[in-house]
Amino acid sequence: CLSDWSSDVCSSDLEEKNMKSRTWTLGSIFSLMVVLLVAPSVVYAAPIRVDCGKGGSISGTLASLASAGNARSITIFVTGTCRENVFVYPFDHLTLQAAPIATLQDASNGTAPVIEIFNSFDVSVTGFTITGGSSGINCDIGSVCTLLQNRVQQAADGVRFVSSHGLVVSNNISNNTSRGLAVLTGASVHTSANTVSGNIDYGVMVGFGSDVTAGLDTIQNNGVGIHVVQGSVFRGGSLTITGNNSDGVLLESSSTASLLNGSNVITGNGGSGVSVNDLSFAEFSSTDNISGNLTQPDVACNPQYSATR
């Protein structure tokens, strides 16, 4: 500012520069805050690869991780045939994934689950063929499990949820000696696009105050298709429940089946399509097809204070 006539201009220039400086500083602080807020709080480790055909072990890998305190945000890709019983505890954000094909076989002669998930959060099991065990997969107390595109067979119970939560999508749960899918003791599970077939006692059992929300599942050629008991709730839409030896849906002991989502096909079962017993309740959609079952009526309201509408 070399003269009086330019002093106003210079003052204006300085104010503009100071304003830009303040604006830039505030912008930088805001940007830093955004980065800090959106930055993930979890550092994801590189995937681990286990080849059971070359002596690798899922159980050994998990035990090593847990003993090192590294039980968070782990992905394990598995190849080959693994003859072992896998115990998952206490993991947070664990993915077990067949890459691309892997088989898990029971090594306990039917006394233990092939995969036992205990008190672990966000555990995913994807793409395995799982054979044998007291159950193929057991999602146990306090766990949250996602099961995707597995084949679970020749166990006592194919898949069990006990006091846990989960999502079961696009699995084939078949030829188990007791139940295909058992949801028990306050568990809550969503299922979609599964095939549950050839299980000797029940395709799906929901018991002891549990609930299941199901869609697009096929439940066929089991003993009973779906058994809901002891104050439990089953909600279903777009289900196919056919060819089961006894009832398609069996309700007992103050339980509820809501088929209001509609488009359910319950036909060709050896018992009734839906059997309502013991203070239980069933409700239907006008788009449900409950017909052609071998024991009539198709919807049976049996003694001991059944209710339906």
Side-chain angles (χ1 to χ4, degrees), residues 134-136 152-162 168 171-185 187 189 191 194-259 264-284 288-304 306-308:
S134 59
S135 57
V152 185
Q153 60 191 10
Q154 299 173 23
D157 288 337
V159 174
R160 282 169 39 106
F161 286 82
V162 180
V168 181
N171 299 275
N172 186 310
I173 305 171
S174 60
N175 301 319
N176 298 287
T177 60
S178 183
R179 301 167 291 195
L181 171 63
V183 181
L184 308 171
T185 320
V189 174
T191 74
N194 301 284
T195 297
V196 182
S197 66
N199 301 288
I200 291 176
D201 291 334
Y202 307 102
V204 177
M205 180 178 180
V206 190
F208 305 102
S210 300
D211 70 88
V212 168
T213 300
L216 299 170
D217 294 321
T218 297
I219 301 164
Q220 63 187 11
N221 303 327
N222 305 285
V224 171
I226 299 170
H227 187 203
V228 190
V229 67
Q230 292 148 332
S232 298
V233 177
F234 180 88
R235 307 174 192 87
S238 300
L239 303 175
T240 300
I241 305 171
T242 62
N244 298 288
N245 293 332
S246 185
D247 298 319
V249 179
L250 172 61
L251 304 177
E252 295 182 303
S253 306
S254 301
S255 296
T256 298
S258 175
L259 304 176
N264 298 289
V265 176
I266 307 176
T267 63
N269 298 288
S272 296
V274 178
S275 177
V276 187
N277 307 271
D278 306 331
L279 292 173
S280 295
F281 180 80
E283 54 186 352
F284 308 98
D288 291 328
N289 176 9
I290 307 174
S291 64
N293 296 284
L294 301 185
T295 301
Q296 291 296 305
D298 287 300
V299 177
C301 295
N302 292 313
Q304 302 181 32
S306 301
T308 183

> Hey, mind stepping through Thr218 and Ser197 against side chain to side chain contact (heavy atoms under 4.5 Å, CB included) and telling me if it holds?
Replying inline: CA-CA 8 Å; Thr218 297; Ser197 66; over 6 Å; no
How close do [X] and [Y] get, heavy atom to heavy atom, and via which atoms?
X      : Y      : result
Ala182 : Asp157 : CB-OD2, 4.4 Å
Ile173 : Gly158 : CG2-CA, 4.1 Å
Ala257 : Val249 : CB-CG1, 4.5 Å
Ser254 : Ser280 : N-OG, 3.4 Å

Backbone of [Y] reached by a side-chain donor or acceptor of [X] within 3.5 Å:
X      : Y      : result
Asn176 : Asn199 : no
Ser232 : Gly209 : yes
Ser238 : Leu216 : no

> Looking at Arg179 and Asp201, does any basic side-chain N land under 4.0 Å from a carboxylate oxygen?
Replying inline: no
Side-chain contact test, heavy atoms from C-beta onward, threshold under 4.5 Å: evaluate it for [X] versus [Y] and give yes or no.
X      : Y      : result
Ile226 : Ile241 : yes
Val189 : Val168 : yes
Ser272 : Asn293 : no
Leu251 : Phe281 : no
Leu250 : Asn277 : yes
Ile266 : Asp288 : no

> Thr213: what forms a side chain to side chain donor-acceptor pair (under 3.5 Å) with it, not counting sequence neighbours?
Replying inline: Arg235
> Does the side chain of Asp298 come under 3.5 Å of the side chain of Gln296 through a donor N or O and an acceptor N or O?
Replying inline: yes
> With no hydrogens and no angle check, do the side chains of Ser174 and Gln153 hold a donor and an acceptor under 3.5 Å apart?
Replying inline: no
Spatial distance of atom [atom1] ([X]) from atom [atom2] ([Y]) [nearest 0.5 Å]:
X      : Y      : atom1 : atom2 : result
Thr195 : Asp217 : OG1   : CG    : 8.0 Å
Asp247 : Asn222 : CG    : CG    : 12.5 Å
Gln230 : Met205 : CD    : CE    : 6.0 Å
His227 : Asn244 : NE2   : CG    : 13.0 Å
Asn269 : Thr295 : CG    : OG1   : 9.5 Å
Asn245 : Asn221 : CG    : CG    : 7.5 Å

> Does the side chain to side chain contact (heavy atoms under 4.5 Å, CB included) test come out yes or no for Ile219 and Val204, once each step is laid out?
Replying inline: CA-CA 8 Å; Ile219 301 164; Val204 177; 4.1 Å; yes
>> Run the ring-ring contact (aromatic ring centres under 6.0 Å, His included) test against Phe234 and tell me which residues pass, sequence neighbours left out.
In response: none
>> If you apply the rule side-chain hydrogen bond (donor to acceptor under 3.5 Å, both in side chains), what do you find for Thr267 with Asn289, and how did you get there?
In response: CA-CA 7 Å; Thr267 63; Asn289 176 9; 5.8 Å; no
